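Let me begin by presenting the structure, written as structure tokens, before commenting on it.
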Amino acid sequence: AQSVTQLGSHVSVSEGALVLLRCNYSSSVPPYLFWYVQYPNQGLQLLLKYTSAATLVKGINGFEAEFKKSETSFHLTKPSAHMSDAAEYFCAVSAQGYQKVTFGIGTKLQVIP
Amino acid sequence: GAVVSQHPSRVICKSGTSVKIECRSLDFQATTMFWYRQFPKQSLMLMATSNEGSKATYEQGVEKDKFLINHASLTLSTLTVTSAHPEDSSFYICSADSGGTEAFFGQGTRLTVV
């Protein structure tokens, strides 16, 4: 079984500031980890994924995440927030390749001008 | 990347009627598709796994007679919400397993039952 915990359902940052969205996972087998972004009234867009290769994963829109097995974490970061980054972000885990993804509760990111 | 098309994007229906949502993989074959539901301000919850040519596998607590899933071809899975009620109003989203590096998600369907 697998699960995801996202710390902080709402995060506010100033434009230009560092974005840090936290995610911890639990999995009985080596996990695949994902970050998705959802804009209002839209579907999911994959930001990045970890699939047991490099532990530092770079994604779209300047986001990256680091897989830390010892901490069971997969935090999402971006050096400088843009207004367009305001959205909801979901961390997800899969223990079966790319099937049956289990999502965290989501973190809504607000970017303050 | 691969494209999954979900239709309709929004639907409003009267209570007691049925609504069909389609999920199509446009440029790849998907033997397995997944249906999720997202309640307001909550995460996505897996409802069922749809396998081409066989019966869907439903997660615990999901009524299979209410949420009918058909995966008749390698590119199409449908979810029919039967006898819809206001509490079925939600955001439904599908994903398709490409057999490659990720499962691709449709854009979702906002269902409102009035």
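Source: prediction; values computed, not measured. We name chains A, B, ... by the order of the sequence lines, and we start the count at 1 in each one.
Linking Ile, Leu, Val, Met, Phe, Trp and Tyr residues whenever their side-chain heavy atoms come within less than 4.5 Å leaves Met33(B) and Phe67(B) in two separate clusters. Tyr32(A) and Phe103(A) fall within the same hydrophobic cluster, where Ile, Leu, Val, Met, Phe, Trp and Tyr residues are linked whenever their side-chain heavy atoms come under 4.5 Å apart, directly or through other members. A chain of hydrophobic side-chain contacts below 4.5 Å, direct or via other Ile, Leu, Val, Met, Phe, Trp or Tyr residues, connects Ile60(A) to Leu33(A).
Annotation: Lys66(B), atom NZ; neighbour count of heavy atoms from other residues, nucleotides and ligands within 6.0 Å is above 12.
At distances below 3.5 Å, at least one donor-acceptor pair connects side-chain atoms of Ser43(B) with backbone N or O atoms of Gly104(A).
Contact residues of residues 44-61 of chain B toward chain A are Leu44(B), Leu46(B), Thr49(B), Glu59(B) (heavy-atom distance under 4.5 Å). Among residues 81-92 of chain B, the residues having any heavy atom closer than 4.5 Å to a heavy atom of chain A are, in sequence order, Phe91(B).
Looking at Ile105(A), both its backbone and its side chain come within 4.5 Å of chain B, counting heavy atoms on both sides. At a 4.5 Å heavy-atom cutoff, the contact between Gln38(A) and chain B is made by side-chain atoms alone.
In this structure, Phe104(B) CZ and Leu44(A) CG are separated by 13.0 Å, a value rounded to the nearest 0.5 Å. Taken to the nearest 0.5 Å, the CZ atom of Phe105(B) stands 4.5 Å off from the OH atom of Tyr36(A).
In this structure, the side chains of Tyr36(B) and Val101(A) come closer than 4.5 Å at one or more pairs of heavy atoms.
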